[in-house]
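Accompanying notes for the structure given below.
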Amino acid sequence: MSTVALLGTGIMGAAMGRNLLRTGHRLSVWNRTRERALPLQADGAVVAGTPAEAVAGADVIITMLADGPAVAQAMAQAAPALSAGQVWAQMSTVGVRALDELGALAAGHGLVFVDAPVQGTRQPAEAGTLVVLAAGPRDPRLASVFDAVGGKVVHVGEVGAATRLKLAVITFGISLTSALGEALALAKALDVPAAGFAEVVTGGPMDSPFAQAKIAAIAAGDYTPSFTVGNAETATRLIAEAAALAGVSVDLTEAAGARFRRAEARGHGAQDMAAGYFASFPD
């Protein structure tokens, strides 16, 4: 098993770290807020004080942070301890522009750079069934790492291809979540029970496990985060940026971004993105 350094122990990173430990990997972890990394110590991880401490001597470095600037900052802090030949699996959702900058950073330190964002939220992360979208070198040191955190690995070509695929897939999830929130808000305003809405959708062509999960969350008022409103809003900006570079319109995503910003302004930023539902109602 590889020796792994994990930078970022939020909802996704912590779950991935536990699965790496469960499968026998040696793991050092770092998080900007140290308290969020400490629970992994009880599972066998070494909690590092700095990114440089975490990456020293690691075979594989994983970044699982909020966005491109956060990844760039952490890796800049890790730079004194980086060694040529280490594998860097960049598994955060960072967008196309940031990925180019991170790739240049990797090249400057002689790292084997793999573009490997994941598809999935808290539950598949905890179960080790994420879909890993991998682009770039197929380094054998990553095989056991990807097996530990994912149920499927999709290899899609050169660096950049995985990030582009992730943006396309997450566009669908964000648009679907926003549409469901809007539909259920209208149902509430029209005195239509959420259970009635669910009954019509269930088993029909519009049904899916994802839709059922978001309908259930809104109906129960349970916004325990799998992917937060704040993260979803960030994703809408990355999608819009990529779309502008490609010369296409993403009207639904831009509308979803506006909804998420309203929900954030009303105090729902740390809740699951299903809480975008609240954007439909007056302050």
Can a donor-acceptor pair be found, under 3.5 Å and without considering hydrogens, that links the side chain of Arg32 to the backbone of Ala70?
no

Are Arg237 and Glu233 ion-paired here, with the side-chain N under 4.0 Å from a carboxylate O?
yes

Mind checking side-chain contact (heavy atoms from CB on, under 4.5 Å) for Ser280 and listing every partner two or more places apart, or none if nothing turns up?
Glu182, Ala185, Arg259

Without swapping roles, check the side chain of Arg122 against the backbone of Pro225 for a donor-acceptor pair under 3.5 Å.
yes

Supply the atom-to-atom distance Trp30 CH2 to Thr63 OG1, rounded to the nearest 0.5 angstrom.
11.0 Å

Please answer whether the main-chain N or O of Gly151 pairs with a side-chain N or O of Thr129 as donor and acceptor at a distance below 3.5 Å.
no

Rounded to the nearest 0.5 angstrom, the OG1-CG distance for Thr9 and Leu65 is 9.0 Å

CA sep, side-chain torsions, deciding dist, call: Arg18, Leu40, side chain to side chain contact (heavy atoms under 4.5 Å, CB included)
CA-CA 7 Å; Arg18 288 190 178 93; Leu40 288 167; 3.4 Å; yes

Derivation of the side chain to side chain contact (heavy atoms under 4.5 Å, CB included) call for Phe113 and Leu99
CA-CA 10 Å; Phe113 187 60; Leu99 189 71; 3.8 Å; yes

For Glu53 and Ser28, test the side chains for any donor-to-acceptor distance below 3.5 angstrom and give the result as yes or no.
no

ILVMFWY cluster, Val145 and Val29 together (side-chain gap under 4.5 Å):
yes

What's the separation between atom CD1 in Ile62 and atom CG in Leu27, rounded to the nearest 0.5 Å?
8.0 Å

Please determine whether the number of non-hydrogen atoms from other residues, nucleotides or ligands lying under 6.0 Å from atom CD of Gln212 exceeds 12.
yes

Presence of salt bridge, Asp283 and Arg262, under 4.0 angstrom
no

Working to the nearest 0.5 Å, report the span between CG of Leu7 and CE of Met64.
12.0 Å

With side chain to side chain contact (heavy atoms under 4.5 Å, CB included) as the criterion, how do Asp67 and Ser92 come out once you've worked through the C-alpha distance, each side chain's angles and the decisive distance to 0.1 Å?
CA-CA 7 Å; Asp67 53 27; Ser92 321; over 6 Å; no

Pair Thr50, Gln77 - check side-chain hydrogen bond (donor to acceptor under 3.5 Å, both in side chains), show working.
CA-CA 8 Å; Thr50 66; Gln77 293 172 3; over 6 Å; no

Can you tell me which residue among Val132, Leu130, Val169 is in a side-chain contact (heavy atoms from CB on, under 4.5 Å) with Gln119?
Val169

Side chain to side chain contact (heavy atoms under 4.5 Å, CB included) between Phe146 and Val60, worked out
CA-CA 11 Å; Phe146 288 166; Val60 175; over 6 Å; no

When hydrophobic residues are tied together by side-chain contacts of less than 4.5 Å, even through go-betweens, does Leu6 share a cluster with Leu142?
yes

Return yes if a side-chain donor-acceptor contact under 3.5 Å exists between Asp251 and Ser249, otherwise no.
no

Verdict with reasoning, Arg22 to Asp43, per salt bridge (Lys or Arg N to Asp or Glu O under 4.0 Å):
CA-CA 8 Å; Arg22 179 181 55 79; Asp43 296 308; over 6 Å; no

Rounded distance [0.5 Å steps], CD1 in Ile170 versus CG in Leu165:
11.5 Å

Following the transitive rule for hydrophobic clusters with a side-chain heavy-atom cut-off under 4.5 Å over Ile, Leu, Val, Met, Phe, Trp and Tyr, establish whether Val114 and Leu133 coincide in one cluster.
no

Glu264 side, atom CD; Phe278 side, atom CZ - distance, nearest 0.5 Å:
14.5 Å

Any donor-acceptor N/O pair, Thr121 side chain to Phe227 backbone, under 3.5 Å:
no

Residues that Leu105 engages under side-chain contact (heavy atoms from CB on, under 4.5 Å), provided they are two or more places apart
Met75, Trp88, His109

Is the closest side-chain heavy-atom distance between Arg97 and Leu245 below 4.5 Å?
yes

Taking the six-membered ring for Trp, are Phe172 and Phe210 ring centroids under 6.0 Å apart?
no

Any non-hydrogen side-chain atom of Leu167 less than 4.5 Å from a side-chain atom of Val96?
yes

Taking a hydrophobic cluster as the set of Ile, Leu, Val, Met, Phe, Trp and Tyr residues connected by side-chain heavy atoms closer than 4.5 Å, whether directly or through intermediates, do Tyr223 and Ile174 fall within one such cluster?
yes

Below 4.5 Å, heavy atoms only, C-beta onward: do Met16 and Met91 meet side chain to side chain?
yes

Consider only side-chain N and O atoms of Lys166 and Thr93, and report whether a donor and an acceptor are under 3.5 Å apart.
yes

Using side-chain heavy atoms (C-beta onward) and a distance below 4.5 Å, is Asn231 in contact with Met273?
no

Is there a donor-acceptor pair under 3.5 Å between the side chain of Asn19 and the backbone N or O of Val149?
no

Locate the shortest heavy-atom distance separating Ala148 from Thr23; write the atom from each residue and the value.
CB-OG1, 3.2 Å

Would Val153 end up clustered with Val118 when hydrophobic side chains under 4.5 Å apart are linked, directly or stepwise?
yes

Counting only N and O atoms by type, is there a donor-acceptor contact under 3.5 Å from the side chain of Asp115 to the main-chain atoms of Ala162?
yes

Side-chain heavy-atom pair Leu186, Phe197 within 4.5 angstrom cut-off:
no

